Q: 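Just passing along the structure, written as structure tokens.
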Amino acid sequence: MIDAPLAAEDTARLAAGLRRLREQGAVLSVRPPAGAPEPLLMALSGVAHYLWAQGRPDPYMSVLGQSEALVVTTQSTRMVSDAVVTGAPVLTFLPQGAPRAVRRSVEALAAQGLTRPFAGELDAYAYAPPDSTREVAHAIHALVTTRAALRNERVRRAPARTRETNGPSPR
């Protein structure tokens with residue numbers, strides 16, 4: 001899975017690695033980024049068994065769900081994060097000049113045993129997919145609780161509403 005266009009040198013390096021995988025018997029489904037430049041598409045068309053073309057339904061979720069292993073470029077961390085929750089081996093391809101924050105994030109995932117660098121070989125390994133459901137639920141609960149407390153405080157401090165009538169007050 002490729003999340004952004006690659007420089008020519010990175011394209012050649014990635015295509016060579018994918019070509020080695022294909023020679024080892026891997027069946028490659030490649031999802032280039034929307035609007036991928038022609039040189040990237042040409043390099044990938046020579047190695048992919050299936051190459052996603054714009055205008056067709058995006059196979060992103062299907063690729064995530066059905067792949068036995070994933071090679072993911074790391075221009076951003078979103079796609080890598082999506083990949084590690086599958087439990088399938090995630091091999092990261094770090095383009096030259098990737099932002100420092102992205103490199104640190106990829107290094108942190110590797111340090112946790114969730115990813116490994118892509119070197120043109122399948123690296124079968126196992127890990128427990130991260131499950132942040134509990135943390136997300138706690139964060140949502142805290143936001144809802146805070147919002148309710150702020151709303152109650154605002155209502156408590158607000159002046160009492162007066163109601164206009166057509167005549168004197170019945171008091």
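These numbers were taken from a predicted model, which means no experiment stands behind them. Sequence positions, counted from 1, serve as the residue numbers for this chain.
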Q: Is a donor on one side and an acceptor on the other found under 3.5 Å between the side chain of R103 and the backbone of A98?
A: yes
Q: Does NE2 in H141 sit with more than 12 non-hydrogen atoms of other residues, nucleotides or ligands closer than 6.0 Å?
A: no
Q: Identify the heavy atoms of L41 and L51 that sit nearest to each other, and give their distance.
A: O-CD2, 3.9 Å
Q: At what distance, to the nearest 0.5 angstrom, does OG1 of T74 lie from CG of L91?
A: 12.0 Å
Q: Starting from the C-alpha separation in whole Å, work towards a yes-or-no answer on side-chain contact (heavy atoms from CB on, under 4.5 Å) for R13 and L6.
A: CA-CA 10 Å; R13 196 165 48 98; L6 298 168; over 6 Å; no
Q: Sequence neighbours left out, what pairs pass ring pair (Phe, Tyr, Trp, His ring centres under 6.0 Å) with at least one residue falling in residues 12-35?
A: none
Q: Check side chain to side chain donor-acceptor pair (under 3.5 Å) between Y60 and all other residues, then give those that pass, not counting sequence neighbours.
A: D82
Q: Applying side-chain contact (heavy atoms from CB on, under 4.5 Å), run through L44 and I2 and close with a yes or a no.
A: CA-CA 11 Å; L44 296 173; I2 303 166; 3.3 Å; yes
Q: Any chance you could measure L109, atom CG, to E107, atom CD, to the nearest 0.5 Å?
A: 10.5 Å
Q: Measure from the side-chain N and O atoms of H49 to the backbone N and O of L28, and report whether any donor-acceptor pair falls under 3.5 Å.
A: yes
Q: Whether the side chain of W52 engages the backbone of P33 through a donor-acceptor N/O pair (distance < 3.5 Å, no angle test) should be reported.
A: no
Q: For R22, give me all partners under salt bridge (Lys or Arg N to Asp or Glu O under 4.0 Å), at least two apart in sequence or on another chain.
A: none
Q: So do V71 and L21 actually touch side chain to side chain, heavy atoms under 4.5 Å?
A: yes
Q: With sequence neighbours left out, which residue pairs that include part of residues 85-126 fulfil the ring pair (Phe, Tyr, Trp, His ring centres under 6.0 Å) condition?
A: Y125-Y127
Q: Taking all atoms of both residues into account, what is the closest heavy-atom pair of A128 and L114, and its distance?
A: O-CD2, 4.0 Å
Q: D58 and R31: side-chain contact (heavy atoms from CB on, under 4.5 Å), yes or no, with the steps?
A: CA-CA 8 Å; D58 188 346; R31 184 195 175 270; 2.8 Å; yes
Q: Can you give me the closest heavy-atom contact between A88 and S67, atom names plus distance?
A: CB-O, 3.8 Å
Q: Considering non-hydrogen atoms only, spot the tightest contact between A69 and L122 and give its length.
A: CB-CD2, 4.1 Å
Q: Go through L70 and L64 one step at a time and tell me if the side-chain contact (heavy atoms from CB on, under 4.5 Å) criterion holds.
A: CA-CA 8 Å; L70 296 154; L64 283 173; 4.2 Å; yes
Q: If you round to the nearest 0.5 Å, how far is CZ of R19 from CG of L14?
A: 10.0 Å
Q: Just how far is it from atom CZ of R78 to atom OG of S105, taken to the nearest 0.5 Å?
A: 13.5 Å
Q: So how far is it from R151 CZ to R147 CZ, rounded to the nearest 0.5 Å?
A: 4.5 Å
Q: Check P129 against V85 and note the closest heavy-atom contact, atom names and distance.
A: CB-O, 3.6 Å
Q: L150: which other cluster members, linking ILVMFWY side chains closer than 4.5 Å, directly or transitively?
A: none
Q: Going by the rule side chain to side chain donor-acceptor pair (under 3.5 Å), which residues pair with T133 if we only count those two or more places apart in sequence or in a different chain?
A: D131
Q: Give the minimum heavy-atom separation between A83 and V72, together with the two atoms involved.
A: CB-CG2, 3.9 Å
Q: Give the cluster check for M79 versus V106: same hydrophobic cluster or not, with ILVMFWY residues linked at side-chain heavy-atom distances below 4.5 Å.
A: no
Q: Are the side chain of T146 and the backbone N or O of L143 linked by a donor-acceptor pair below 3.5 Å?
A: no
Q: Taking side chain as C-beta onward, heavy atoms only, is Q75 less than 4.5 Å from P95?
A: yes
Q: Determine whether more than 12 heavy atoms belonging to other residues, nucleotides or ligands lie under 6.0 Å from atom CD of E9.
A: no
Q: Below 4.5 Å, heavy atoms only, C-beta onward: do P130 and V84 meet side chain to side chain?
A: yes
